[in-house]
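Here's the structure, in structure tokens; my notes come after.
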Amino acid sequence: METNWKRKHILSLRDFTPAEYNTILQTAISFREVLSTRTKKVPTLQGRVVANLFFEPSTRTRSSFELAAKRLSADILNFSPGTSSLTKGETILDTAKTYLAMGADLMVIRHKNAGVPQAIAAEMDRLKVKVNVLNAGDGQHQHPSQALLDLFTICSVLDLDKPRIELLKGKKIAIVGDILHSRVARSNIDCLLSLDTQVHLAAPPTLLPNFFSKKNKNNNLFLHWKIEPALENADFVMTLRLQKERMTEHLLPSLREYHQNFGITRSRLQLCHPHVKILHPGPVNRGVEISSDLMDDPNFSLISQQVTSGVAVRMALLYLIGLTHDDK
Ligand code: NCD
């Protein structure tokens, strides 16, 4: 595969270029093909070590990165905070350096605090070692691989064989739910706003503060404190989990009332474009963000495609950043 990929770490989508998005989509298409073959594996990262440093619980992101690394023939080290030396007082940077000493080439990092993957990447650069860092979700800040797999999923709906960013021009995308606490929303907003789409955010005012309008540099971001205007004629609706673990105050009267006012239901879908599709990064609070029957309806729900796309997209990311050290 020919690419002119230069980015060593993937920490945030804030400064990604359209060309980079297309390179990721094209690379993910090739890996999607690999995953459809009988062996499902390529020797691309043979001899390299991927360290999965998940300081915060995760099911799908962690498994998805693990499978992606295995499909690329890398050796993988998994780290769980509960059983690690962190409980003995080791610092995060020292944990990362321990994995470095074991020969880790790529570090995939999730942490409950914003900025941890950036700090580890800065330390690796300061040490002048050839280690790539991939942010797998930091606090309420960024979750680039989730937004990129969402992008691949959406573009594949628009053209299965040739998903590409040009297909998104003029599409209306609604992002509904706990935007305040969501790193997925922030990465998706950064990505979609730079790609000629119309992004409509909808949530109760406590979960959608006005400061989000600061991201509106190209006049394509709209904030709503009611769901209806966001859904009107929308091509895609992204729903987000209510992040109860991050809510420090009582931000909602009740989950039932949230569902009544902001839940995605079959009757609300009537407002959307007839071909509307729904995304959710998971884990889902069934019957809260989205009605249970809609979640399981393959005519509307892209939830399982998102999970499937995740492996091909994460293979693409590990491959591309790994390329920056091909002289190893
Ligand atoms: C998201 C996360 O962890 O940020 N989930 C995920 O990565 N699949 C969203 C969430 O937890 O609600």
Side-chain angles (χ1 to χ4, degrees), residues 1-11 16 19-55 58-80 83-84 95-110 117 120-121 123-125 127-137 143-146 148-149 151-152 156 163 306-328:
M1 268 179 265
E2 282 282 308
T3 73
N4 50 4
W5 187 266
K6 298 271 177 335
R7 199 180 285 269
K8 186 176 168 197
H9 310 296
I10 298 182
L11 303 171
F16 259 62
E20 284 178 298
Y21 287 122
N22 264 341
T23 302
I24 291 168
L25 295 179
Q26 274 162 25
T27 314
I29 298 171
S30 314
F31 288 123
R32 184 175 64 186
E33 275 161 30
V34 169
L35 293 171
S36 70
T37 63
R38 198 182 59 82
T39 51
K40 299 185 171 55
K41 253 188 151 151
V42 279
T44 318
L45 292 187
Q46 210 161 44
R48 304 253 181 123
V49 177
V50 175
N52 236 349
L53 307 182
F54 277 62
F55 298 92
S58 162
T59 313
R60 66 205 81 212
T61 305
R62 183 194 173 117
S63 315
S64 178
F65 269 113
E66 181 169 350
L67 191 57
K70 285 179 170 162
R71 297 295 197 214
L72 292 168
S73 306
D75 293 310
I76 172 132
L77 296 171
N78 273 314
F79 162 90
S80 316
T83 53
S84 77
T95 304
K97 283 186 207 160
T98 305
Y99 281 87
L100 171 67
M102 262 180 245
D105 301 285
L106 295 114
M107 294 185 186
V108 179
I109 297 164
R110 167 168 289 196
I120 294 178
E123 181 65 5
M124 295 300 140
D125 290 348
L127 294 171
K128 296 197 169 44
V129 290
K130 292 179 171 179
V131 170
N132 306 101
V133 176
L134 224 156
N135 179 2
H143 193 347
S145 66
Q146 179 67 44
L148 293 168
L149 74 87
L151 181 69
F152 186 72
S156 296
Q306 286 173 277
V307 177
T308 309
S309 301
V311 181
V313 170
R314 290 181 171 117
M315 285 171 84
L317 302 181
L318 293 170
Y319 162 74
L320 287 168
I321 58 174
L323 276 185
T324 60
H325 296 319
D326 247 2
D327 50 337
K328 266 189 184 176

When you measure from the side chain of D75 to the backbone N and O of V49, does any donor-acceptor pair fall under 3.5 Å? no

Between the NZ atom in K41 and the CD atom in Q46, the distance rounded to the nearest 0.5 Å is 9.0 Å

**Message:** side chain to side chain contact (heavy atoms under 4.5 Å, CB included) for V311 and F31? Distances and angles first, verdict last.
**Reply:** CA-CA 9 Å; V311 181; F31 288 123; over 6 Å; no

Closest non-hydrogen contact found for A51 with A104 is CB-CB, 4.1 Å

Taken to the nearest 0.5 Å, the spacing of R71 CZ from T39 OG1 works out to 9.0 Å

**OP:** Could you tell me whether the side chain of R32 reaches within less than 4.5 Å of the side chain of M315, counting heavy atoms only?
**Re:** no

Self-check item: Derivation and outcome, side chain to side chain contact (heavy atoms under 4.5 Å, CB included), residues F152 and Q306
Solution: CA-CA 8 Å; F152 186 72; Q306 286 173 277; over 6 Å; no

Item to check | Side chain to side chain, V313 and S145, heavy atoms closer than 4.5 Å | outcome: no

Partner of E123 under side-chain contact (heavy atoms from CB on, under 4.5 Å), picked from L127, D125, I120, is L127

Would you say that E20 contacts L320 through its side chain, given a criterion of any heavy-atom pair below 4.5 Å between the two side chains? no

Can a donor-acceptor pair be found, under 3.5 Å and without considering hydrogens, that links the side chain of N132 to the backbone of K8?
yes

Here the gap from L53 atom CG to T95 atom OG1, rounded to the nearest 0.5 Å, amounts to 8.0 Å

- request: Find out whether R60 and S58 are in side-chain contact, i.e. whether some heavy atom of one side chain is under 4.5 Å from a heavy atom of the other.
  value: no

Tightest non-hydrogen contact, residues V108 and A136, listed as CG1-CB, 3.7 Å

Donor-acceptor pair, distance only, cut-off 3.5 Å: does the side chain of S73 make one with the backbone of V42? yes

*Any sub-3.5 Å donor-acceptor pair from N52's side-chain atoms to N78's backbone N or O?*
no

Scanning both residues in full, the closest heavy-atom pair of V133 with A121 reads CG2-CA, 3.7 Å

Between the CG atom in L72 and the CG atom in L318, the distance rounded to the nearest 0.5 Å is 6.0 Å

In this structure, CZ of R62 is separated from CG of L67 (nearest 0.5 Å) by 13.5 Å

In short, G47 meets D105 closest at the heavy-atom pair O-OD2, 4.2 Å

T59 and S63 have their tightest heavy-atom pair at O-OG, 2.7 Å

Here the pair of heavy atoms bringing R7 nearest to I321 is O-CG2, 3.4 Å

Distance col, row L323:CG vs N4:CG, nearest 0.5 angstrom, shows 10.5 Å

ask   = Please walk me through it: do L151 and I24 pass side chain to side chain contact (heavy atoms under 4.5 Å, CB included)?
value = CA-CA 10 Å; L151 181 69; I24 291 168; over 6 Å; no

- [ ] Using modelled atom types only, decide if a donor and an acceptor are shared between the side chain of R48 and the backbone of G322 within a distance under 3.5 Å.
- [x] yes

If you draw the axis of the six-membered ring of F65, does the NZ or CZ of R314 fall within 45° of it and under 6.0 Å from the ring centre? yes

